[in-house]
Number of protein chains: 2
Amino acid sequence: MSRNRVTVVDIARAAGVSKSTVSLVLQASPLVNETTRAKVNAVIRELGYVYNRGAANLRQSASSRIIGIIVNDLTNSFFAELAVGMDMVMQSAGYVQFLSNSAESVDHQREVVASMREHGISGLIISPARGTEAADLKPLAASGIPVVSVVRNVVGAKVSSLVSDNYAGAKAAVAHLVSLGHSRIAFLGGIANTTVFAERVQGWRDALTEAGLEAPDMLVIGSTASRAGGVAAIQRALSLPAPPTAALCFNDAAAFGVCDGLRAAGKEPGRDFAVVGFDDVIEAETAVPALTTVSVDPQGMGRRAAQLLLKQINTGKVEPEAIVGSVRLVVRQSCGAGEKAGRTSA
Amino acid sequence: MSRNRVTVVDIARAAGVSKSTVSLVLQASPLVNETTRAKVNAVIRELGYVYNRGAANLRQSASSRIIGIIVNDLTNSFFAELAVGMDMVMQSAGYVQFLSNSAESVDHQREVVASMREHGISGLIISPARGTEAADLKPLAASGIPVVSVVRNVVGAKVSSLVSDNYAGAKAAVAHLVSLGHSRIAFLGGIANTTVFAERVQGWRDALTEAGLEAPDMLVIGSTASRAGGVAAIQRALSLPAPPTAALCFNDAAAFGVCDGLRAAGKEPGRDFAVVGFDDVIEAETAVPALTTVSVDPQGMGRRAAQLLLKQINTGKVEPEAIVGSVRLVVRQSCGAGEKAGRTSA
DNA sequence: GTAATTAATTGGATCGTTCCAAATCTGTCA
DNA sequence: TGACAGATTTGGAACGATCCAATTAATTAC
């Protein structure tokens, strides 16, 4: 095959200096003379030199400038946007990322984490797969690699976390539906045994009881957190003896599915049935009807997570901190409240 | 703050063998005695050793087992699924990927490519940002790194490509609309000066003329290839003096936007106006009405691209090959043709 | 004109692994 | 017993960059 690659030594020889000088030029050190620097840079370009980061990272001091990102479902646009937010910050900080999709498989996730360790990542942001245990992240934290867990929490793991205020968001959403006169409000979609699900259901429940309404378990209908899951959930809901007139959905994808299901059943979302989502993905705004939803700002969350990680990498301090991002209810049309008017903060 | 990592030498000392033996164990070489292997493996686990791939890659022979993936818009679920398809294949072949989002910026893309080279990727799959030139990929190909370009082509670049048959797909879709009795069929959404756009419009045009219909430029309404872009395009289309009664959309995202826009204008997609998309993203099936679309199977395409790249990496042969993936029209409800019945192949 | 100071440059040694050639250790057979 | 083959094991020399201490060159001070 091709190539015996060009190394610093080749550059040095061609430029008539020592490899040490070339190294200094590569690091933009102020120690080298301007003329020398210019000559070396010229040779570098001429020979098509490619910096070998692997070799550089061998010296223990250097940091790899790679950070790992693992999300549990890239096909969900919430996570795709989350990843894009991280990308922005990391890119401009001169890091590259290893982005991987665990597809909710802890095994796959374990392999990816192992592989990332072998490649010497300097930090990890992870939206953990369902069922992730503290032990899965322990080795990383133990070897001093900062870890930030986003969206979901890993109980017992000594890592920083950035989750949104699911409880408050759900509560505000339900309170809003109550204020619109609804009394049978369902909770639709989402997989039951997750923390996020539990928190949102708790918000739903508390908002109802505080309003003096019942919160029967029958009105909590789990399924997958996807469009298809939303369709299934609303079908079940409509077939109940006393069907609900409104619903808070686990996330926006499910909410869109609920809208689809309503239409399939001859009901118009926003008019015949109030729908509220959770996340505020981009499509929420342009959909018809525009989706009333609890805004989590996935890109912003991704950016914050990245910044948090960078801070930890730079300060070298890995004191875990837990941040709960505030959320706000964005009222649009799908709840039947009216125009693209009001914005209530939660 | 821990540090001084565990190395092969530490393992060797603890296990009472030489580092060479440890290295052989790491590579699962058949040369080492079973008892020795067991002891070494025990020590490895005990000391929490982490293999340092960077150091291993230093020997020129080794391949990095990293492949780069660059997509131009991760928030578009088409690309997210494409990435997921690649991930599957790469993962099971023991490769890890660097996934990055160029967000349609050639500058950003250039930086990412450079960074990937420095990290010694053994191959690259790229869905190039708009405006990518052959020169952007030349250095990679020149240093013998296999490159596969997907979805879009880079003119003049000597790299393999895997694109879908945009022309045939568009033609089949329009022919189907014609067979349903439509005669004013628009082409909505998408950014005008791209190859993909041009190919799909050409298919649209040829199908119309072959059917003896007119194909006025006025009915080609570009915008962004997103949901919002679809809304904008259909609004423009409906305000024409002689508005169309059907449309082929640039992609599914735009098609969903067109449906939204139709509803906002009081028309029901599938009944009052026929809509056909392109790509067949997962939501196309569950949406209401289910979207009639040209199926490209993004995950399958991702898998094929990954396989193509692996083949090139393994054979060491980088003869560029150009593959045009066949597509098929999936007839669902949004075109008004009827049930979730027929499937016509293109 | 020499010493002291500052600016540039440069040999190694080093990082953690792989790989080759050579060394050691069996056991077998004449 | 000694030669010999096969099975295991093992020192070092890479790989490509960084970094320290030391050297050389240029400048200033007295």
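Just so you know, these numbers come straight off a predicted model, no measurement behind them. Letters A, B, ... are given to chains in the order of the sequence lines, protein chains preceding strands, and every chain is numbered from 1.
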Integer-rounded Å distance: C:dC15 C1' and B:D10 CG: 13 Å
Side chain proximity check, A:Y49 to A:L26, heavy atoms < 4.5 angstrom: yes
When rounded to whole Å, the CZ to C1' distance for the pair A:R5 and D:dG16 reads 7 Å
Could you tell me how far apart B:R59 (CZ) and D:dC15 (C1') are, to the nearest whole angstrom? 6 Å
Which nucleotide in the set D:dT10, C:dT9, D:dG16 lies at the smallest distance from any side-chain heavy atom of B:S18? D:dT10
Salt bridge check, B:E111 against B:R117: does any charged N sit closer than 4.0 Å to a carboxylate O? no
Non-hydrogen side-chain atoms of B:H108 and A:D87 separated by less than 4.5 Å: yes
Is there a side-chain contact between B:R53 and the phosphate of C:dT17, meaning an N or O under 4.0 Å from OP1 or OP2? no
For the residue pair A:Q109 and A:S105, confirm or rule out a side-chain donor-acceptor distance under 3.5 Å. no
Between C1' of D:dC15 and CG of A:L58, the distance in whole Å: 9 Å
Classify the side chain of B:S20 versus the base of D:dG11 as yes if they form a donor-acceptor pair under 3.5 Å and no if they do not. yes
Side-chain N or O of B:S23 versus OP1/OP2 of C:dT18: is the shortest distance under 4.0 Å? yes
Using a heavy-atom cut-off of 4.0 Å across all strands, would you classify B:V17 as base, sugar-phosphate, or nothing? sugar-phosphate
Whole angstrom value for the distance that separates P of C:dA7 from CZ of A:R37: 15 Å
B:N57 CG to C:dT17 C1', straight-line distance once rounded to whole Å: 10 Å
Considering only distance and modelled atom types, tabulate donor-acceptor pairs under 3.5 Å from the side chains of residues 298-306 of chain A, sequence neighbours left out.
none

To the nearest Å, give me how far apart OH (B:Y49) and C1' (C:dG16) are. 7 Å
Establish, with yes or no, whether the OP1 or OP2 oxygen of C:dG16 is under 4.0 angstrom from a side-chain nitrogen or oxygen of B:T7. no
Would A:K158 and A:E321 pass as an ion pair if we require N to O under 4.0 Å? no
Contacts to DNA chain D from residues 26-36 of chain B, heavy-atom cutoff under 4.0 Å, which residues? B:L31, B:V32, B:N33, B:T36
With the threshold set at 4.0 Å, does a side-chain nitrogen-carboxylate oxygen contact exist between B:E46 and B:K39? no
Side chains of A:I313 and A:Y95 in contact at under 4.5 Å (non-hydrogen atoms): yes
Under 4.0 Å between any heavy atoms, over every strand shown, what does A:V22 touch: base, sugar-phosphate, or nothing? Just pick one. nothing
By nearest atom, which of the nucleotides C:dG12, C:dC15, D:dG12 is closest to the B:K19 side chain? D:dG12
Minimum-distance nucleotide (side-chain atoms of B:N52 versus C:dT17, C:dC15, D:dC15): C:dT17
Interatomic distance where CG belongs to B:L24 and P belongs to D:dA7 [whole Å]: 15 Å
Base, sugar-phosphate, or nothing: which does B:T21 touch, judged by heavy atoms less than 4.0 Å apart? base
